[in-house]
2 protein chains.
Amino acid sequence: MTSNNSDFIVAAEGGTVTHDVQSISPRTRPATLRKRKRILDAAIDIFGNKGYANGTLADIADQVDLTHAGVLHHFGSKQNLLLEMLTYRDHTDVADLDEQHIPGGPDLFLHLVRTALVNSRRAGVVQVYTVLSAESVTDDHPARPYFESRYSTLRGQVADAFQVLCLQEGVTETAMIGPASASILAVMDGLQLQWLLHPQEIELAEASEFAIRAVVNAVLHPGPELSQYSRG
Amino acid sequence: MTSNNSDFIVAAEGGTVTHDVQSISPRTRPATLRKRKRILDAAIDIFGNKGYANGTLADIADQVDLTHAGVLHHFGSKQNLLLEMLTYRDHTDVADLDEQHIPGGPDLFLHLVRTALVNSRRAGVVQVYTVLSAESVTDDHPARPYFESRYSTLRGQVADAFQVLCLQEGVTETAMIGPASASILAVMDGLQLQWLLHPQEIELAEASEFAIRAVVNAVLHPGPELSQYSRG
DNA sequence: GATCACTTACCAGCAAGTAAGTAATTGCGA
DNA sequence: TCGCAATTACTTACTTGCTGGTAAGTGATC
């Protein structure tokens, strides 16, 4: 039989993958786990550099000295590999930032600035998110549920931080927290794209810090409307 | 001979396309021009909904009742069709906003807000830019030169508007104009992505206006640093 | 009569996935 | 501790389906 361990295929129909690479099927050899991580790293590289649609299993297999059938043995299908790769990336993200927990409250904004700084040293990770998040809006893209829930979660976390901040600063006007939360994630993403296109023109960390600060301050004190600058 | 009018293939090796659809080859019939526009519209739809790598000539041909060879007759190659489509989109953009010229000075910021509003009524255009700009950072993507020069130009225009604004408002500290210009384009792009993923959660026009205003005001009056909010 | 706007037919290449086989490793019962 | 059956980690070989591009032909239009 084409053994294809169906154990680790948990995200069958747009569902969410909840396990991590370690906990796959009861008794898997450590060498196998290591190989799977190498495949996932190769997948990050290939999907980042070529996109999901254009990157091939053979590309990934080459990087880890396997045939494309060898990759399929471990992950069952290309789509499943993509999904596993995304959660793998999420789980190792915390390690990269050597923090145990993402802070809540106003510290979250500083955390996001620090993330931008870390990201400016790992273009590969930035590229895979940039390419796949945009690709995910295309017809029936397998990564769409992932990015939908990712943005929902992140916006919620930022909005919570804003609530705490407003309370702390005695600001009662909280109507713009929603747009502001989306905007903060948006600048970060948009700057990453421009940085990938023009690495020497864009200062990712500096620009991110400036923009986040601008949005945070705007929530606390709106300032003049844009139309004020047009006549007078 | 496979007539394949090589006249209109001007962007051979990463160069820039400078003509528009009208001026293609001396004597082309009006019906032909109309058909070509239909093909370009179909290309926007397909490349927007499936990406460049994943969208096929047959997909596009179907929409205009041709075979894929018929499309190739008009545009020579898939890559050339993409490039023609991008410049076609640029040229018709002005018409969509029923303006003759993009304003300079502080009015540019209002123009950008109005653009966001117009964009919230044309998801197709938004999607094709979102998908292709991100895809363009992948290996040897044919649209990369287009997006590189697009962002350079736009950043320059926004920076110019900031210079005028600073002069007008008597602000001499212009160091953040660079990051701010990139940030404004970045929020717009980033919000579009989130809006495509969650059309009913994101208010594209409102959020864009808020964010642009935040960044513009931050250039004029920086406000407190983020770290101020973390300890009291 | 030449050019144009196509079509049909074809090709070569590539991609994901399947089937079947093989060598190594493992757990396990005696 | 040995031996063996089961499992694992692959490979090779193949199929199926699709893709962009080319060649050659055909009827309509200029």
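Heavy atoms only: backbone and side chains are in, while hydrogens, waters and symmetry mates are out. A note on names: the letters A, B, ... follow the listed sequences, proteins ahead of strands, and every chain is numbered from 1.
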For this session: Send over the distance from B/K78 NZ to D/dT19 P, rounded to a whole Å.
Result: 9 Å
Between side-chain atoms of residues 202-211 of chain A and protein atoms elsewhere (two or more places apart, or another chain), which donor-acceptor pairs fall under 3.5 Å?
| unit_1 | atom_1 | unit_2 | atom_2 | d |
| --- | --- | --- | --- | --- |
| A/S208 | OG | A/L204 | O | 2.7 |

Exercise. Atom CG of A/L81 and atom C1' of C/dA15: how far apart are they, to the nearest Å?
Worked result: 15 Å
Exercise. Which residues satisfy the side chain to side chain contact (heavy atoms under 4.5 Å, CB included) test with B/A161, sequence neighbours excluded?
Worked result: B/L108, B/F109
Exercise. Any side-chain donor-acceptor pair under 3.5 Å between A/S77 and A/N80?
Worked result: no
Problem set entry | Rounded (10°) bend between the five-pair end axes of the helix from C/dG1-D/dC30 to C/dA30-D/dT1 | 10°
For this session: Report the residues that fulfil side chain to side chain donor-acceptor pair (under 3.5 Å) with A/R155, sequence neighbours left out, ordered by chain and then residue number.
Result: B/Q194, B/H198, B/E201
For this session: For the side chain of B/T32, starting at C-beta, report the closest nucleotide among C/dA5, D/dG21, D/dA9.
Result: C/dA5
Exercise. What pairs with A/K78 under side chain to side chain donor-acceptor pair (under 3.5 Å), at least two apart in sequence or on another chain?
Worked result: none
For this session: Using side chain to side chain donor-acceptor pair (under 3.5 Å) as the criterion, list what pairs up with B/T32, not counting sequence neighbours.
Result: none
Exercise. Taking OP1 and OP2 of D/dT8, is either one under 4.0 Å from a side-chain nitrogen or oxygen of A/H73?
Worked result: no
Just distance, no hydrogens or angles: give the donor-acceptor pairs under 3.5 Å from side chains in residues 63-71 of chain A, sequence neighbours left out.
| unit_1 | atom_1 | unit_2 | atom_2 | d |
| --- | --- | --- | --- | --- |
| A/Q63 | NE2 | A/D45 | OD2 | 2.8 |
| A/T67 | OG1 | A/G70 | N | 3.3 |

Exercise. For the pair made of CG in B/L82 and C1' in D/dT19, what is the distance, rounded to whole Å?
Worked result: 16 Å
Exercise. Taking the side chain of B/L72 as heavy atoms from C-beta outward, which of C/dC6, D/dT22, C/dG17 is closest to it?
Worked result: D/dT22
For this session: Sequence neighbours left out, what pairs pass ring pair (Phe, Tyr, Trp, His ring centres under 6.0 Å) with at least one residue falling in residues 116-145 of chain A?
Result: A/Y52-A/H141
Problem set entry | Rounded distance (Å) that lies between atom P of D/dT19 and atom OH of B/Y52 | 14 Å
Exercise. What are the residues of residues 54-67 of chain A, sorted by number, that bring a heavy atom to within less than 4.0 Å of DNA chain C?
Worked result: A/G55, A/T56, A/L57
